[in-house]
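Letters A, B, ... are given to chains in the order of the sequence lines, protein chains preceding strands, and every chain is numbered from 1.
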Amino acid sequence: MLDPQMLRTDLHRTAEKLAQRGYQLDTEQWQQLEDSRKSVQVETEALQNQRTTISKSIGQAKAKGEDVQSLLDQVAQIGEQLEASKNQLKAILEEMEGVTLYTPNLADDSVPVGKDENDNVEVRVWGKPKDFDFELKDHVELGHVNQGLDAESAANLSGSRFTLLTGEVAQLHRALAQFMLDMHTQQHGYKEFYVPYMVNAQTMQGSGQLPKFADDAFITEDDRYLIPTAEVPLTNLVADTIIDEQDLPIKMTAHTPCFRREAGSYGKDTKGMIRQHQFDKVEMVQIVHPEHSDKALEEMTAHAEAILQALEMPYRVIVLCSGDMGFSASKTYDLEVWVPGENTYREISSCSNCTDFQARRMQARFRSVEVKKPQLVHTLNGSGLAVGRTLIAVMENYQNEDGSISIPAVLQSYMNGKTVINKA
RNA sequence: GGAGAGAUGGCAGAGCGGUUGAAUGCACUGGUCUUGAAAACCAGCGUACCUUAAUAGGGUACCCAGGGUUCGAAUCCCUGUCUCUCCGCCA
């Protein structure tokens with residue numbers, strides 16, 4: 001949610017910033033709502049004050065045994081007016097909320113203005129793609145020759161966009177998640193969490209998935225949502241709390257499956273396990289002091305990069321343009337890993353600073369020693385990394401001519417000391 | 001799944017339907033006292049919104065949530081959520 005104060009005092013500049021993201025705010029409608037809200041609210045509260053005052057005097061008069069009828073008549077009149085005024089105010093506030101809940105965060109000034117993914121800007125490149133002197137296989141072929149990746153069985157069990165992993169490939173998948181968690185907890189200062197995979201609607205709203213993106217999530221019969229990312233439960237841990245300033249920053253990580261409907265992505269990334277209804281991810285979340293969120297985003301991105309560096313896989317970092325960012329984000333870096341089988345870079349992580357956007361929805365605040373009033377925290381989240389896509393990248397980057405897959409040095413201890421997955 | 005109890009300020013814990021935003025204790029903050037500390041004593045101590053130049057003052061709302069009764073609701077009624085106890089079931 002945006003700062004309502006900002007919408008009031010700086011409406012047109014805010015609307016311009018939103019337009020950079022492709023969101024058209026109807027400023028005229030908003031101004032009208034705001035104007036009527038103001039007058040109706042003032043009126044309502046004045047009426048309420050009158051009613052309370054008279055009601056109190058009724059109590060006092062009764063206690064003294066005086067006649068109360070004239071007071072009752074007075075208050076009856078006010079009652080009707082008050083009722084009408086209250087309903088009007090409620091309707092206005094609901095309409096305003098309808099706008100604010102559907103309005104995305106503002107882009108940071110450092111974010112390139114652009115329309116879609118074509119306007120994203122490369123920030124840096126790490127590593128060089130290996131020179132392979134044999135014909136490359138993609139992960140689907142590699143999965144096939146190693147009998148570790150079985151799309152057909154998954155489709156039989158569940159339908160499209162599911163994957164079945166078996167044997168050493170499944171173990172490698174597990175090893176990757178373990179390795180990532182260990183790195184973030186032992187070297188990057190994150191606390192590990194095991195979280196619910198289903199959350200209620202309020203939680204989904206807190207981090208911005210609802211109400212606008214209801215179609216993207218799986219919902220259960222009892223109105224719970226399967227989490228699309230661990231960001232949702234982790235970030236909402238601070239919902240409705242006031243944190244001591246000295247407890248900031250809070251750094252959390254969790255390995256969870258992620259569930260996505262992928263509605264509207266028919267025909268996109270259908271080959272292999274790129275875009276799935278269910279995939280594993282190790283997520284990082286930070287709750288920070290507003291002054292430090294810029295720096296925290298750089299750090300968190302570096303934490304995600306550290307995984308790829310340890311795995312010695314080439315990647316690049318891009319900053320998303322204003323039009324390509326997610327709803328809650330103010331600034332986002334995507335990490336794209338080199339995928340030799342496709343001869344291209346593929347998104348494997350997304351790290352975002354959500355500033356106070358989620359915090360305002362969740363009412364997540366902190367109190368400092370200097371400022372008495374609780375202030376909103378800033379929230380950040382980043383993948384560190386998407387496990388399934390990392391698996392693909394490892395398979396393809398570490399493939400050998402005979403179809404076997406070498407195991408990256410840092411993962412060997414997680415693979416019972418094995419150094420290679422031999423083809424079946 | 002069955003039966004019962006409960007949800008009040010950071011915590012604990014009162015609260016006949018009428019001056020209760022809410023007693024009291026603890027914690028916390030400031031002060032007095034003290035060489036310093038403790039103790040004691042005094043004072044302060046919620047959040048959001050509106051109004052305002054104002055972190056001054058004034059107003060409104062909030063005692064789990066949402067409805068209702070009433071001139072007036074923390075207090076009465078209904079629904080929901082959550083917690084606890086007992087029984088059953090279960091990894």
Side-chain angles (χ1 to χ4, degrees), chain A residues 1-10 30-97 99-101 194-206 210-211 219-225 233 236-248 250 290 356 358-377:
Chain A
M1 234 158 60
L2 298 179
D3 184 358
Q5 213 69 38
M6 189 169 65
L7 282 169
R8 240 170 255 158
T9 56
D10 211 357
W30 182 262
Q31 192 60 55
Q32 267 178 19
L33 281 170
E34 172 58 21
D35 289 344
S36 48
R37 190 223 95 231
K38 203 171 200 164
S39 61
V40 175
Q41 182 167 349
V42 169
E43 191 195 332
T44 307
E45 292 184 358
L47 286 166
Q48 229 146 7
N49 185 18
Q50 285 178 44
R51 190 198 64 183
T52 312
T53 310
I54 297 175
S55 288
K56 276 182 181 169
S57 57
I58 290 176
Q60 287 170 344
K62 270 192 168 174
K64 288 182 205 155
E66 294 169 1
D67 179 48
V68 145
Q69 192 52 51
S70 66
L71 288 171
L72 287 176
D73 292 343
Q74 276 182 53
V75 92
Q77 266 193 355
I78 293 169
E80 276 172 42
Q81 286 179 51
L82 180 60
E83 186 70 13
S85 190
K86 258 185 178 171
N87 287 337
Q88 204 184 339
L89 181 62
K90 195 177 163 192
I92 292 166
L93 290 177
E94 269 169 14
E95 201 172 335
M96 291 177 94
E97 192 176 61
V99 176
T100 53
L101 279 178
Y194 171 80
V195 297
Y197 299 161
M198 290 181 236
V199 297
N200 58 32
Q202 197 186 338
T203 301
M204 288 285 275
Q205 182 170 305
L210 288 183
I219 183 165
T220 66
E221 291 235 351
D222 58 353
D223 292 327
R224 275 184 259 271
Y225 294 81
N236 276 282
L237 280 172
V238 296
D240 286 314
T241 58
I242 299 175
I243 303 158
D244 277 345
E245 184 176 20
Q246 61 201 16
D247 293 333
L248 297 176
I250 298 172
D356 60 9
Q358 294 177 321
R360 187 169 293 104
R361 288 174 159 240
M362 296 188 296
Q363 283 304 300
R365 294 169 294 173
F366 74 99
R367 200 193 302 272
S368 68
V369 195
E370 313 85 64
V371 188
K372 267 207 266 169
K373 234 171 116 78
Q375 307 165 69
L376 293 167
V377 296

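Nearest heavy atoms, A:Ser85 versus A:Val40: O-CG1, 3.6 Å.
Under the side chain to side chain donor-acceptor pair (under 3.5 Å) rule, A:Gln41 has a single partner from A:Glu43, A:Lys38, A:Glu45, which is A:Glu45.
Rounded to the nearest 0.5 Å, atoms CZ (A:Arg37) and CD (A:Gln31) are 10.5 Å apart. A distance of 6.5 Å separates CD1 of A:Ile92 from OG of A:Ser39, quoted to the nearest 0.5 Å. The CG atom of A:Asp244 lies 8.5 Å from the CZ atom of A:Arg367; values are rounded to the nearest 0.5 Å. Rounded to the nearest 0.5 Å, atoms CG (A:Leu33) and CD (A:Glu94) are 12.0 Å apart. To the nearest 0.5 Å, atoms CG (A:Leu82) and CG (A:Asn49) are separated by 11.0 Å.
Of all nucleotides in RNA chain B, those with any atom nearer than 4.0 Å to a heavy atom of chain A start and finish, going 5' to 3', at B:rG18 to B:rG72.
With P as the reference atom, B:rA39 and B:rC28 are 9 Å apart, rounded to whole Å. B:rG58 and B:rA5 have their C1' atoms separated by 44 Å, with the value rounded to a whole Å. Taking atom P on both nucleotides, B:rU52 is separated from B:rA56 by 15 Å, rounded to a whole Å. Distance noted for atom P between B:rA40 and B:rA27: 9 Å (whole Å). When the C1' atom is used for both B:rG15 and B:rA7, the distance is 15 Å, rounded to whole Å. Taking atom P in both B:rC76 and B:rA14, the straight-line distance is 15 Å, to the nearest Å. Only the C1' atoms considered, B:rG10 is 13 Å distant from B:rU47, to the nearest whole Å. Spacing of P atoms, B:rU69 relative to B:rG30, comes out at 50 Å, to the nearest Å.
A:Gln363 has its side chain within reach of A:Arg365: a pair of non-hydrogen atoms, C-beta onward, lies under 4.5 Å apart.
Every stem involving RNA chain B, taken as at least 3 paired positions in a row under the Watson-Crick or G-U wobble test at 3.5 Å, is listed here: B:1-7 with B:81-87, B:10-12 with B:24-26, B:28-32 with B:40-44, B:46-51 with B:57-62, B:64-68 with B:76-80.
Between A:Glu83 and A:Lys38, it is A:Lys38 whose nearest contact on RNA chain B lies nearer the 5' terminus. Along RNA chain B, the nucleotide closest to A:Ile242 and the one closest to A:Thr52 are compared, and the more 5′ of them pairs with A:Ile242.
A:Gln60 comes within contact range of at least one nucleobase, with a heavy-atom separation under 4.0 Å. Here A:Leu72 lies in heavy-atom contact (under 4.0 Å) with a base.
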Open item on the list: For A:Gln69 and A:Leu72: C-alpha separation, side-chain torsions, deciding distance, then whether side chain to side chain contact (heavy atoms under 4.5 Å, CB included) applies.
Closed with: CA-CA 5 Å; A:Gln69 192 52 51; A:Leu72 287 176; 4.1 Å; yes

